[in-house]
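Below: the structure, in structure tokens.
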Protein chains: 2
Amino acid sequence: MAPRKAPTVYDVASSAGVSIATVSRVLRSPAKVSESTRDRVQRAIDALGYVPNASARGLAGRRTGVLGLLLPGPADPLAAHADHAAGSEVGVIDDTDGSYADPDRNRYFEQLVRGCEISAWSAGYALLIASGQHLARTVVLHDLEGRVDGLVVFAGSVPDDLIARSARRLPLAVVAGRAEGAPDSVRVDDSGGMEALTRHVLAAKPPGPVLYLAGPADSADARDREQGFHAAIADARAAGRDVERHLVPTDGTAEAALAETRRILRETRPAAVIAADDPSALAALAALEEAGISVPDQCVVAGFGGVEEARLSRPTLTTVRQPMTDVGIHAVRTLQRRLADADADPVDLRLPVDLLLRQSCGPA
Amino acid sequence: MAPRKAPTVYDVASSAGVSIATVSRVLRSPAKVSESTRDRVQRAIDALGYVPNASARGLAGRRTGVLGLLLPGPADPLAAHADHAAGSEVGVIDDTDGSYADPDRNRYFEQLVRGCEISAWSAGYALLIASGQHLARTVVLHDLEGRVDGLVVFAGSVPDDLIARSARRLPLAVVAGRAEGAPDSVRVDDSGGMEALTRHVLAAKPPGPVLYLAGPADSADARDREQGFHAAIADARAAGRDVERHLVPTDGTAEAALAETRRILRETRPAAVIAADDPSALAALAALEEAGISVPDQCVVAGFGGVEEARLSRPTLTTVRQPMTDVGIHAVRTLQRRLADADADPVDLRLPVDLLLRQSCGPA
DNA sequence: CTGAAAGCGCTAACAT
DNA sequence: ATGTTAGCGCTTTCAG
């Protein structure tokens, strides 16, 4: 069953006794064709099983109808999800018992892909995905450029100068970060999320110092979160509260977090541990358990990210959920916007996050 | 900064003082061009930032260089993963403590996407993904047909007759199931996996009957798994062992599994519960705990699927991990195969699964 | 080794 | 309302 040659507009046209222009019209602007011929053409299309050739369309119409998504090395998500209004309020979901059944939590990339996919198809675009790792990143980006009308690029998946070069050629939105030279970006509100989280922790913790596991200093996310942390602390102090804090830079790995927490526990007895990421928070949880310090009674703990383990740990971990599906949705919208108006103002969206209250910070 | 018109082969040609044919040659078959002109052309390409237009290429070369992946309503995965040889041995991984740190476990679709993506790009194809839900499925499939050289379709994401129609036009591989009319398919070895799992359970369980939560009868996967279960039981009996079994059909939901298990526990005291899916197994675990039956001492439990929760439950759940990344990889390979030879023999790959031994079935 | 030229299938003026 | 026609940018014989 060798795939036979696909029928073209010419086949449809002659079969329906019209010109190819008319065939094209019934496909693109049916209103311009009389109902009778429209029906005749449509019948021919169905009979022949005609499917328009996207390459020819793309060439003639100088648009591909495809948007690209470039991710770093691994993953991508795509699960059922309600849109998240692009306001600035921090949503609060009580998930003390870890039963908050958002089916696609944590699946960071999967959610992002899903969001882009939903948004792209509903805008009439197909979605091409690629991760800049298998092949030289530059090759992939380059290849993508010739295939799409716009590009969503995950921050850091490819060097900034390459992003800048591509951004000069086509609409490009950076997600989960920024890139010099790319006008548009969509990310979550890291600092606002951490500030809200810290505020919550400060309200829940017993008396004593706050330990902050900061993550790598070369990560923009980590820096933003830390800034939110400091803001909340400053606020509390301004309100007359005396808060002692210990800043602990780590490389962002759970191992480092574990080692650092253990070390600290030998010197101090923290009343709260806040980590810039969930794995580190979970590591801290483990270190505290080792030390016989009970969570949340003697020390509260909180993370950032919303990974699945945070929901299933014991105690379950209070954390911040990142609306990646929305990031994807908005990134594509940004693309459409710029596709419609190349000179639109640059946008740097910061989507609000959700605080997930769980056992590690005590009763909600 | 309005995106300016992209340079074409003509621009490169005139800039390098050659014909467009030569430009095309340095891109497609560099060997046919003398080194000096090749360098000259390459310099022009770099200087102009020329990127070939995929639509024009697709039209002229009558191949798009794109493969499509059609998924059902939701999700898609994509995580780091080692290739899985397509043999027929059931891999066994001891994961009693739930620390088996495969980063992409459970992420069913994500892994599939990832596999397709890896495989497609390494074969020189881009990957277009779509899920047949937002828009009418038929529209998506149709649209996809005009854009790609081959299609991977998740079983059930679109009606079989549509799949058959598309399969007549282009190489199409069905994954995670079969579809009438599509010659090629790639899925996991459900029956072999369940057979191995059951064998393991039979060896580990205390004396007493085996409960099998079968899942929905209209699911081909569920039927295959049940067949594997029966095969293992028959084997044990043939070996002279006396095994009592209780078959319990469910609708595949955890709720049904919970209710059924509770009901059964009022009448019988099983020594083992095997479920055709992880959520059901976890539900059974809960029902057993309620009834004060200790797992694995008094009753062992096993699931199928390898979801994340199975790793994090207490006790951790023995289950079968499905190599979805490999399914994706092989699906794309199948496509390539048929792209190369439209009359190749049909293939129905059954990829081997891994048994994850955990606490719910006692010490490994 | 290189150039000329004929499409690939479709869209979008421009005619009629 | 419908037909004619000129490309869109690239690949690929076919000559030279």
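Letters A, B, ... mirror the listed sequences (proteins, then strands); counts begin at 1. Note that the structure is predicted; figures quoted are calculated from it, not measured.
Residues passing the side-chain contact (heavy atoms from CB on, under 4.5 Å) test with B:Arg178 are B:Ser185, B:Arg187, B:Asp348, sequence neighbours excluded. Listed by chain and residue number, B:Phe109 satisfy the ring-ring contact (aromatic ring centres under 6.0 Å, His included) test with B:Phe154 (two or more places apart in sequence, or in another chain). Not counting sequence neighbours, the partners of A:Arg43 by the side-chain contact (heavy atoms from CB on, under 4.5 Å) test are A:Asp39. Residues passing the side-chain contact (heavy atoms from CB on, under 4.5 Å) test with B:Ala220, sequence neighbours excluded: B:Arg223. Scored by the side-chain contact (heavy atoms from CB on, under 4.5 Å) test, B:Ser24 finds B:Arg28 as partners (sequence neighbours excluded). Partners of B:Arg338 according to the salt bridge (Lys or Arg N to Asp or Glu O under 4.0 Å) rule, which considers only residues two or more places apart in sequence or in another chain, are B:Asp184.
Residue B:Thr8 places no side-chain N or O under 4.0 Å from the OP1 or OP2 atom of D:dG9.
Among residue pairs with one or both ends in residues 145-161 of chain B, those qualifying as salt bridge (charged side-chain N to carboxylate O under 4.0 Å, His left out) are B:Asp143-B:Arg147, B:Glu145-B:Arg165; sequence neighbours excluded.
Whole-Å rounding puts the A:Asp39 CG to D:dA1 C1' distance at 15 Å. What separates CG of B:Leu48 from P of D:dG9 is a distance of 14 Å, to the nearest Å. Separating the CG atom of A:Leu27 from the P atom of D:dT2 is a distance of 15 Å, rounded to the nearest angstrom. In this structure, B:Asp11 atom CG and D:dC8 atom C1' are separated by 13 Å, rounded to whole Å. Remark: P of D:dG9 and CD1 of B:Ile45 are 16 Å apart, rounded to the nearest angstrom.
With hydrogens and angles ignored, a donor-acceptor pair under 3.5 angstrom links the side chain of A:Tyr10 to the base of C:dC10.
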Output a table of donor-acceptor pairs, distance under 3.5 Å, between side-chain atoms of residues 45-53 of chain A and any protein atom two or more places apart or on a different chain; print 'none' if there are none.
{"unit_1": "A:Asp46", "atom_1": "OD1", "unit_2": "A:Gln42", "atom_2": "NE2", "d": "3.2"}
{"unit_1": "A:Asn53", "atom_1": "OD1", "unit_2": "A:Ser55", "atom_2": "N", "d": "2.7"}
{"unit_1": "A:Asn53", "atom_1": "OD1", "unit_2": "A:Ala56", "atom_2": "N", "d": "2.9"}

Using a 3.5 Å cut-off and no angle test, enumerate the donor-acceptor pairs between side-chain atoms of residues 10-17 of chain A and protein atoms at least two apart in sequence or in another chain.
{"unit_1": "A:Asp11", "atom_1": "OD2", "unit_2": "A:Thr8", "atom_2": "N", "d": "2.7"}
{"unit_1": "A:Ser14", "atom_1": "OG", "unit_2": "A:Tyr10", "atom_2": "O", "d": "3.3"}
{"unit_1": "A:Ser14", "atom_1": "OG", "unit_2": "A:Asp11", "atom_2": "O", "d": "3.3"}

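The stretch residues 54-67 of chain B comes close to DNA chain D through B:Ala56, B:Arg57, B:Ala60, each having a heavy atom under 4.0 Å from the strand.
Remark: the backbone N or O of B:Ser131 is paired with a side-chain donor or acceptor of A:Glu117 at under 3.5 angstrom.
B:Val18 is not listed as a side-chain neighbour of B:Val33, based on a closest heavy-atom distance of 4.5 Å or more.
Five base pairs at each end of the helix from C:dC1-D:dG16 to C:dT16-D:dA1 define two local axes, and these are offset by 30° (rounded to 10°).
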Quick test: give all pairs of protein nitrogen or oxygen and nucleotides 1-3 of chain C nitrogen or oxygen below 3.5 Å, distance rounded to 0.1 Å.
{"unit_1": "C:dT2", "atom_1": "OP1", "unit_2": "B:Ser34", "atom_2": "OG", "d": "3.0"}
{"unit_1": "C:dT2", "atom_1": "OP1", "unit_2": "B:Thr37", "atom_2": "OG1", "d": "3.1"}
{"unit_1": "C:dT2", "atom_1": "OP2", "unit_2": "B:Ser34", "atom_2": "N", "d": "2.9"}
{"unit_1": "C:dT2", "atom_1": "OP2", "unit_2": "B:Thr37", "atom_2": "OG1", "d": "3.0"}
{"unit_1": "C:dG3", "atom_1": "OP2", "unit_2": "B:Ser19", "atom_2": "N", "d": "3.0"}
{"unit_1": "C:dG3", "atom_1": "OP2", "unit_2": "B:Ser19", "atom_2": "OG", "d": "3.2"}
{"unit_1": "C:dG3", "atom_1": "OP2", "unit_2": "B:Thr22", "atom_2": "OG1", "d": "2.7"}
{"unit_1": "C:dG3", "atom_1": "N7", "unit_2": "B:Arg25", "atom_2": "NH1", "d": "3.3"}
{"unit_1": "C:dG3", "atom_1": "N7", "unit_2": "B:Arg25", "atom_2": "NH2", "d": "3.3"}
{"unit_1": "C:dG3", "atom_1": "O6", "unit_2": "B:Arg25", "atom_2": "NH2", "d": "2.3"}

